[in-house]
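The shown structure was predicted, so the numbers you read here are calculated from the model rather than taken from an experiment. By convention in this document, chain letters (A, B, ...) are assigned in the order of the sequence lines, proteins followed by strands, and residues within each chain are numbered from 1.
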Amino acid sequence: MKILDTLSKLEQGVDTSKKVKIYLCGVTVYDESHIGHARTIIVFDVLRKYLESKGTEIEFIQNFTDVDDKIINRASLENKSAEQISNKYIENYFTDFDGLNVKRATNYPKATEHISDIIQFIEKLIEKEMAYSTKNGVYFSVSKFSDYGKLSKKKIDELQSGARIEIDEEKKDPLDFAVWKLSDTDPTWDSPWGKGRPGWHIECSAMSIKYLGENFDIHGGGRDLIFPHHENEIAQSESYTGNQFAKIWMHVGMVTIEGEKMSKSIGNVKSIKHVIDNWGPNIIRLFCLSGHYSKPIDYSEELLKENLIKWRQVETCHYELIHANNENGENIDELIKKISNDFDCALEDDFNTHLALSSFFQLVKESNRLAADEKLGKENVGTIKTELKRMLQILGLKIPEISNQEKNEIDELIKNREKARTEKKYQDADIIRDKLNEMNIELLDHKGQTIWMRKEKIKAEK
RNA sequence: GGUACUCUGGCAGAACGGUUAUGCGUGAGCCUGCAAAGCUUAUACAAGGGGGUUCGACUCCCUCGGGUACCUCCA
């Protein structure tokens, strides 16, 4: 598999013959997760599911930033401890992402649980004279790291002319950033430099190296993290180890809302709760995968609706396959093989989920075409089913299960409707159909048989 | 202002230096007792503006313009 690396700007191969180690910068737990978080996390979810489906072992580490001024502010605002706030939003995170059918990471390390690792990390930076302490805290000395700016393609002298740099007389250079902040406001920890808390970037350096080693395969996150977060991580980590940090930097584009950027001040932040409630997990996942991961994607009713229609086709396909029993099926093994191969090739080539989705929908269309032509024979159903199942699994899409009891009930009602129809009692037949509709069951009248489909209820559809 | 990314038909979104993307939408048809769903078929002949390289550019280069993100410990 090849991934376009932000640092080298080249497509770099991922060695999938051995365990692949991935570190994803997760969320700062001070508020609800939104559709932007969902996109990044879903992209990485599909990446790992694809690699796992190929038999590659994945170690997937995703952090929670649970020390941050935003958390502290929120805590004082709500009269709670920082821990209460972060715990609340961690719990919230899992509710949201379980709801989106995201597989849990191997581990979710938290900054607060790695303070000693962080202190040890900082000590070594000081020892190497890459960091120094002042009366405000410990700072990383940017000028000592000659490659500073290599990820974000920024030049140090240009950065210095930036207007928003805080004036801190204690710092040797305005670009230097805190790795340890001295503070008396909780939460605080003791350190060789005094009571305080870690800076923002240091946790990811310390934790990624702790769990994945000095030189792991993929480091990911949203594009907005390139600077300063990932730039600083590189500076700290490579100073610490003396080696190359992540092999590949993979950054996911932003989600805009109806063409505008998503921001609290505009008030257009779409929480995951909101989007799941309105569209359900499958459509959100399709939406998040509908563009190339590196490019921005625009959240709009129109696009969501388009994905809804596509999802309906998938549902139809699934139920047609369940009921398929035509006598003379068409052999399409070769075609399925090609679609399957195209799907994989798309993902292998810089993880192009949009192209992979077109293969997926091609499979769905092909299957639905055969069903319409009554050529969905018992022999070819197996091939399609297997392939569909494989793709659904990788994409993290799920068609809800139905209990046998419910199935029997449905079959019974359909039988009654068929009876009414043959007797031309159409009013009676329609009453039964309406009743089934209320159970979210739609009927499909084929020539020989009526089949039923449980369509996911989508609030936004009405 | 700087840096990065980006700009393809009504919308979304690909490939490729010379050939139809594809999907949604829209029109027509099939199926149906009627619907719904599904299927078939038709439809866009597009490349932000301007230059250049080339026999030929959507694809390479320059330039102008639009968009998005970031520009530091924190609004």
Side-chain angles (χ1 to χ4, degrees), chain A residues 4 6 9 36 67-70 73 136-137 139-140 142 149 151-155 157-166 168 171 174-181 183 197-202 222-232 251 253-256 259-262 264-265 287 290-292 294-298 300 302-310 312-313 315-317 319-320 346 349 352 354-355 357-362 364-374 420-422 424-427 429-430 433-434 437 442-447 450-453 455:
Chain A
L4 185 70
T6 311
K9 297 174 87 172
V67 189
D68 183 273
D69 290 0
K70 281 179 283 210
N73 291 342
N136 293 330
Y139 292 87
F140 182 87
V142 166
L151 181 72
S152 55
K153 321 294 173 209
K154 291 181 188 300
K155 303 212 165 30
D157 45 337
E158 280 167 0
L159 279 170
Q160 282 172 332
S161 62
R164 283 175 55 185
I165 293 175
E166 180 216 8
D168 178 349
K171 289 204 285 189
L175 288 180
D176 294 348
F177 54 90
V179 290
W180 189 265
K181 295 170 165 179
S183 168
R197 59 176 183 271
W200 174 27
H201 321 291
I202 195 78
R223 283 207 94 82
D224 56 344
L225 294 181
I226 293 174
F227 192 90
H229 187 54
H230 288 162
E231 191 70 71
N232 292 354
H251 289 104
M254 299 292 100
V255 178
T256 56
E260 271 186 312
K261 80 171 194 181
M262 181 165 62
K264 290 206 170 137
S265 55
F287 163 75
S290 66
H292 191 269
S294 65
K295 291 187 179 178
I297 194 171
D298 190 44
S300 68
E302 198 184 350
L303 252 177
L304 269 297
K305 218 164 161 184
E306 194 173 301
N307 284 299
L308 166 66
I309 288 161
K310 289 178 176 177
R312 293 301 187 210
Q313 293 172 356
E315 288 179 315
T316 301
C317 174
Y319 286 102
E320 289 279 15
D349 183 13
N352 193 331
H354 179 267
L355 267 189
L357 282 181
S358 19
S359 295
F360 171 63
F361 291 122
Q362 204 185 329
V364 168
K365 286 230 158 228
E366 200 55 44
S367 175
N368 286 344
R369 199 207 90 221
L370 290 174
D373 290 352
E374 300 185 26
R421 287 177 77 206
T422 44
K424 296 206 192 287
K425 292 177 180 163
Y426 293 122
Q427 267 190 342
D430 287 352
R433 184 166 65 190
D434 290 344
N437 280 346
E442 279 186 27
L443 300 182
L444 226 164
D445 290 330
H446 282 308
K447 268 175 198 148
T450 294
I451 74 164
W452 56 266
M453 307 182 273
K455 296 269 169 150

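- Taking atom C1' on both rA47(B) and rA4(B), the two are 23 Å apart, rounded to the nearest angstrom.
- Between the NE2 atom of H229(A) and the P atom of rC73(B) there is a distance of 16 Å, given to the nearest Å.
- Residue contacts for Q313(A): at a heavy-atom cut-off of 4.0 Å it reaches the sugar-phosphate backbone alone, with no base atom in range.
- Between K305(A) and E302(A) there is no salt bridge, since no side-chain N of the basic residue sits under 4.0 Å from a carboxylate O of the acidic one.
- Distances shown here put every side-chain N or O of K365(A) at or beyond 4.0 Å from the OP1 or OP2 atom of rU22(B).
- At a cut-off of 3.5 angstrom, counting only N and O atoms as typed in the model, there is a donor on one side and an acceptor on the other between the side-chain of D430(A) and the base of rG33(B).
- Residue H354(A) is the one, among H354(A) and L443(A), whose nearest nucleotide of RNA chain B lies closer to the 5' end (criterion: closest heavy atom).
- Here rG25(B) sits opposite rU43(B) as a Watson-Crick or G-U wobble pair (both hydrogen-bonding atom distances under 3.5 Å).
- Within the structure, every side-chain polar atom (N or O) of K305(A) is placed at least 4.0 Å from both OP1 and OP2 of rG25(B).
- Using a 4.5 Å heavy-atom threshold, the side chains of E320(A) and L444(A) count as touching.
- On a pure distance criterion of 3.5 Å, no polar donor-acceptor pair joins the side chain of N368(A) and the base of rA37(B).
- Between R197(A) and D68(A) there is no salt bridge, since none of the side-chain N atoms of the basic residue sits less than 4.0 Å from a carboxylate O of the acidic one.
- Taking the P atom of each, rG50(B) and rG23(B) are spaced 31 Å apart, rounded to whole Å.
- Side-chain proximity of L175(A) to the nucleotides rU72(B), rU3(B), rC24(B) is greatest for rU72(B).
- Rounded to a whole angstrom, the distance from the P atom of rC71(B) to that of rU63(B) is 26 Å.
- Summarising the geometry, the separation between CD on E306(A) and P on rA12(B) is reported as 9 Å, rounded to the nearest angstrom.
- Atom CG in N232(A) sits about 15 Å away from atom P in rC70(B), given to the nearest Å.
- Distance noted for atom C1' between rA44(B) and rG1(B): 41 Å (whole Å).
- The nearest whole Å value for the distance from the CG atom in L225(A) to the P atom in rC5(B) is 18 Å.
- Across all strands shown, rU19(B) forms no Watson-Crick or G-U wobble pair with both distances under 3.5 Å.
- On the P atoms, rG66(B) is 22 Å away from rC60(B), given to the nearest whole Å.
- For the pair I226(A) and T6(A), the minimum side-chain heavy-atom distance is below 4.5 Å.
- Nearer the 5' end of RNA chain B, as judged by each residue's closest nucleotide, is the contact made by T316(A), out of W200(A) and T316(A).
- Counting distance only, with no hydrogens placed and no angle test, the side-chain atoms of R223(A) and the base atoms of rA4(B) include no donor-acceptor pair under 3.5 Å.
- A donor-acceptor distance shorter than 3.5 angstrom exists from the side chain of E231(A) to the backbone of L151(A), with no hydrogens or angles considered.
- Panel note: side chain S358(A), backbone L355(A); a donor-acceptor pair is recorded below 3.5 Å.
- rA12(B) sits 15 Å from rG25(B) when the P atoms are compared, rounded to a whole Å.
- With rounding to whole Å, I451(A) atom CD1 is found 13 Å from rA36(B) atom C1'.
- In this structure, rU54(B) forms no base pair with any nucleotide, since neither Watson-Crick nor G-U wobble geometry is met with both distances under 3.5 Å.
- Nearest to the side chain of K9(A), among rA4(B), rA37(B), rC74(B), sits rA4(B).
- Atom CG in D224(A) sits about 14 Å away from atom C1' in rU72(B), given to the nearest Å.
- At the phosphate of rA14(B), OP1 or OP2 sits under 4.0 Å from a side-chain N or O atom of K295(A).
- Across all strands shown, the partner of rU68(B) is rA4(B), judged by Watson-Crick or G-U wobble contacts whose two distances both fall under 3.5 Å.
- Ranking rG33(B), rU68(B), rC74(B) by closeness to the K181(A) side chain, first place goes to rC74(B).
- Under the side chain to side chain contact (heavy atoms under 4.5 Å, CB included) criterion, Q362(A) pairs with I339(A), not counting sequence neighbours.
- A salt bridge does not link K425(A) to D430(A): none of the charged nitrogens lies less than 4.0 Å from a carboxylate oxygen.
- Distance from the side chain of R369(A) is smallest for rU40(B) among the nucleotides rA37(B), rU40(B), rA69(B).
- Taking the P atoms as reference points, rU20(B) lies 15 Å from rA42(B), given to the whole Å.
- Atom pair F177(A):CZ and rC71(B):P shows a separation of 14 Å (rounding to whole Å applied).
- Atom P of nucleotide rG23(B) and atom CZ of R312(A) are separated by 21 Å, given to the nearest angstrom.
- Pair check for rC30(B) finds rG38(B); Watson-Crick or G-U wobble, both atom distances under 3.5 Å.
- Nearest nucleotide to the D68(A) side chain, out of rC74(B), rC70(B), rG33(B): rC74(B).
- Within 3.5 Å, no donor on the side chain of R421(A) pairs with an acceptor on the base of rC34(B), nor the reverse.
- The side chain of Q427(A) contributes no N or O atom lying less than 4.0 Å from OP1 or OP2 of rG33(B).
- Nearest to the side chain of L444(A), among rG33(B), rG25(B), rA36(B), sits rA36(B).
- Checked against rC70(B), rA37(B), rU22(B), the side chain of M453(A) finds its nearest nucleotide in rA37(B).
- Comparing the same atom, P, in rU41(B) and in rA35(B) gives a spacing of 23 Å after rounding to whole Å.
- If you check rC5(B), rU72(B), rC74(B) against the side chain of F227(A), the one that comes closest is rU72(B).
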